[in-house]
Amino acid sequence: DVKVTQSSRYLVKRTGEKVFLECVQDMDHENMFWYRQDPGLGLRLIYFSYDVKMKEKGDIPEGYSVSREKKERFSLILESASTNQTSMYLCASSFSQNNSPLHFGNGTRLTVT
Amino acid sequence: GEDVEQSLFLSVREGDSSVINCTYTDSSSTYLYWYKQEPGAGLQLLTYIFSNMDMKQDQRLTVLLNKKDKHLSLRIADTQTGDSAIYFCAESPQTGANNLFFGTGTRLTVIP
């Protein structure tokens, strides 16, 4: 069974802090994704990666960066956290074949005060 | 860009059928998906349908696709309290690195 693990379920950070959200998958998936989920807005793609050291901007990349140094790990970085980045963050992974389904982690609920 | 729309809320009585609707704009979508999110959890793939199909049935779940109207629905027969969750419709564009476009999610509440 595919396992996508997000290192924290809940995080509370202060405005201006640098925040790291970590995600690890154990199925050798080429693709990894970071979404944020907000009520009434559904899921919005922040960044995705289709290979080690490769990254592509999604729909809302502003204020975020990512790192993919190893195939199994995809990190989301908030360079200087702001209150409007309070949200649920979801990591997902998939094989590179077209239309392979996404497998999601359980999410990290980040609160920025 | 792609736009996927769903109504936000649906309430049904236990034992009734639930129908969750979704409309999308990208006519070149190849696969359409339904995901379920239970409280405090990530999204779990429920079922999917290829764009050249009209219907797919999987136990209590029936997916209907009207490609002409770009309308997708998920019917849950004999809805149970354990079906209470948020249901997301998602489409897969023909090109791209497998990212999906998600709807806003429909929160299904099953009343005992």
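Throughout, a chain's letter reflects where its sequence line sits, starting with A, and its residues are numbered from 1.
Between A/Gln37 and B/Phe88 there is a side-chain heavy-atom pair separated by less than 4.5 Å. Residues A/Leu45 and B/Phe101 have side chains not in contact (no heavy-atom distance under 4.5 Å, counting atoms from C-beta outward). Between A/Phe33 and B/Leu100, the closest side-chain pair of non-hydrogen atoms is not below 4.5 Å.
No donor-acceptor pair under 3.5 Å is formed between the side chain of B/Tyr31 and the backbone N or O of A/Pro101.
Hydrophobic clustering keeps A/Val4 apart from A/Phe74 (ILVMFWY residues linked when any side-chain heavy atoms are closer than 4.5 Å, directly or through intermediates). Neither A/Tyr47 nor A/Val24 shares a network with the other; the hydrophobic side chains, linked directly or stepwise wherever heavy atoms of I, L, V, M, F, W or Y lie under 4.5 Å apart, form separate groups for each. Both B/Leu32 and B/Met53 are members of a single hydrophobic cluster when ILVMFWY side chains are connected at heavy-atom separations under 4.5 Å. Clustering ILVMFWY residues whenever any of their side-chain heavy atoms sit less than 4.5 angstrom apart, transitively, puts B/Tyr87 in a cluster other than the one holding B/Leu64. In this structure, A/Phe48 is not a member of the same hydrophobic cluster as A/Leu21, with clusters built from ILVMFWY side-chain heavy atoms closer than 4.5 Å.
How far CD of B/Gln44 is from CG of A/Leu102: 14.0 Å, rounded to the nearest 0.5 Å. Rounding to the nearest 0.5 angstrom, the gap separating the CG atom in A/Leu43 from the CG atom in B/Leu43 is 5.5 Å. With rounding to the nearest 0.5 angstrom, the OH atom of A/Tyr35 is 4.5 Å from the CZ atom of B/Phe102.
At a 4.5 Å heavy-atom cutoff, the contact between A/Asp59 and chain B is made by side-chain atoms alone. For B/Gln6, no part lies near chain A; criterion is any non-hydrogen pair under 4.5 Å. Residue contact with chain A, scored on non-hydrogen atoms closer than 4.5 Å, involves the side chain of B/Tyr35 exclusively.
Within a 6.0 Å radius of CZ in A/Arg109, no more than 12 heavy atoms belonging to other residues, nucleotides or ligands are found.
The greatest number of non-hydrogen atom pairs below 4.5 Å with chain A, out of B/Gly103, B/Gly105, B/Ala41, is found for B/Ala41. Each of A/Arg9, A/Met88, A/Glu56 has some count of heavy-atom pairs under 4.5 Å with chain B, and the biggest count is that of A/Arg9.
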